[in-house]
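Comments concern the structure below.
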Amino acid sequence: MWFLLALFCLRVLGQLFVCLGLAPALPAFDQWQSGLLPYPCLVFFQILIIVLYTRVCLDLSFKKGFFSRAHPELTRTLRPLALAYFWSMPVRYCIYMALFPEARWMHGTIPIVFHMVLAGFLLCYAAMTGELERQAEGNIS
């Protein structure tokens with residue numbers, strides 16, 4: 001999970017460096033986002049995600065805190081939502097390529113890939129909380 005968080009942090013830093021003109025070797029700025037949110041708003045939400053995901057990783061690493069405990073309702077809700085989020089990204093890519101065939105293959109893929117990274121993080125967390133539930137059930141029995 002730390003690895004997925006690090007990947008996302010690199011994505012956020014990469015786009016920031018491109019925005020500031022500090023990374024000419026990276027893809028152009030317009031390839032880093034879909035344009036649905038203005039960049040300042042996007043960065044705000046990205047920072048919130050980084051803070052939340054860091055808290056999750058810290059809680060799990062130190063085995064204390066809210067995210068280190070089993071939450072059956074959260075797991076049951078999160079797993080299907082994360083799966084839908086993850087698999088909607090290849091569908092999004094197919095739709096994007098059908099609508100904009102001139103953009104093949106790499107244009108527009110950065111947001112799609114990193115949405116899959118975020119969804120992957122949620123899937124890992126759901127799997128870990130599922131394991132925590134199984135451990136808790138084993139201790140009760």
Side-chain angles (χ1 to χ4, degrees), residues 1-140:
M1 290 176 68
W2 280 110
F3 177 72
L4 294 171
L5 175 58
L7 283 178
F8 185 67
C9 289
L10 288 174
R11 179 256 189 269
V12 173
L13 283 174
Q15 186 174 12
L16 179 62
F17 287 172
V18 169
C19 180
L20 297 173
L22 301 174
L26 292 176
F29 185 78
D30 66 331
Q31 293 184 32
W32 289 84
Q33 69 185 69
S34 62
L36 295 176
L37 289 175
Y39 184 60
C41 187
L42 177 67
V43 171
F44 172 77
F45 285 111
Q46 289 172 331
I47 290 169
L48 285 179
I49 290 168
I50 290 169
V51 168
L52 176 63
Y53 281 19
T54 300
R55 179 80 263 158
V56 170
C57 287
L58 287 169
D59 283 5
L60 290 171
S61 293
F62 292 105
K63 296 178 177 38
K64 58 183 183 178
F66 176 83
F67 296 106
S68 69
R69 295 187 293 275
H71 299 282
E73 308 82 28
L74 178 61
T75 303
R76 278 192 295 278
T77 304
L78 188 58
R79 187 174 290 127
L81 290 175
L83 278 169
Y85 179 30
F86 184 89
W87 288 110
S88 69
M89 291 300 111
V91 171
R92 175 182 170 183
Y93 178 77
C94 291
I95 292 169
Y96 185 82
M97 288 301 118
L99 294 174
F100 304 102
E102 69 281 359
R104 286 199 174 97
W105 282 99
M106 296 308 285
H107 192 282
T109 57
I110 294 171
I112 293 169
V113 167
F114 281 96
H115 277 290
M116 292 177 80
V117 167
L118 294 175
F121 185 97
L122 296 174
L123 287 168
C124 287
Y125 179 69
M128 297 207 50
T129 58
E131 182 58 31
L132 291 170
E133 288 174 40
R134 286 186 286 284
Q135 290 174 2
E137 289 170 359
N139 290 338
I140 294 171

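Predicted, not measured: the structure shown is a model, and the values here were computed from it. Note that the numbering runs from 1 along the sequence shown for the chain.
Atom-to-atom distance recorded for Leu58:CG and Lys64:NZ is 11.0 Å, nearest 0.5 angstrom. Between the OG atom of Ser88 and the CG atom of Leu81 there is a distance of 11.0 Å, given to the nearest 0.5 Å. In this structure, the separation between SG on Cys124 and CE on Met1 is 6.0 Å, given to the nearest 0.5 Å.
Between the side chain of Tyr125 and the main chain of Tyr53, no donor-acceptor pair closer than 3.5 Å is present.
The minimum heavy-atom distance between Thr54 and Trp2, with the atom names listed, is O-CH2, 4.4 Å. The minimum heavy-atom distance between Ser68 and Gly65, with the atom names listed, is OG-O, 2.7 Å. Annotation for Gln31 and Ile110: closest pair O-CB, 3.5 Å, computed over non-hydrogen atoms. The heavy-atom pair separating Ala119 from Ala82 by the smallest distance is CB-O, 3.9 Å. Residues Arg92 and Pro111 come closest through the heavy atom pair NH2-CB, 4.0 Å. Scanning both residues, Ile112 and Met89, for their nearest heavy atoms gives CG2-O, 3.6 Å.
The closest side-chain heavy-atom distance from Phe121 to Ile49 is not below 4.5 Å. A heavy-atom distance below 4.5 Å is found between the side chains of Ile95 and Val91. At least one side-chain heavy atom of Phe45 sits less than 4.5 Å from a side-chain heavy atom of Leu48.
Annotation: Met128, atom CE; neighbour count of heavy atoms from other residues, nucleotides and ligands within 6.0 Å does not exceed 12. Shown here is Phe29, whose CZ atom has more than 12 heavy atoms of other residues, nucleotides or ligands within 6.0 Å.
Within the structure, the side chain to side chain donor-acceptor pair (under 3.5 Å) test picks out the following pairs touching residues 70-80 (sequence neighbours left out): Thr75-Thr129, Thr75-Glu133.
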What donor-acceptor contacts under 3.5 angstrom involve side-chain atoms of residues 4-20, with partners at least two apart or in another chain?
from  : atom 1 : to    : atom 2 : distance (Å)
Arg11 : NH1    : Gln15 : OE1    : 2.6
Arg11 : NH2    : Trp32 : O      : 2.3
Gln15 : NE2    : Gln33 : OE1    : 2.7

### Query
Please walk me through it: do Tyr85 and Leu118 pass side-chain contact (heavy atoms from CB on, under 4.5 Å)?
CA-CA 9 Å; Tyr85 179 30; Leu118 294 175; 3.7 Å; yes
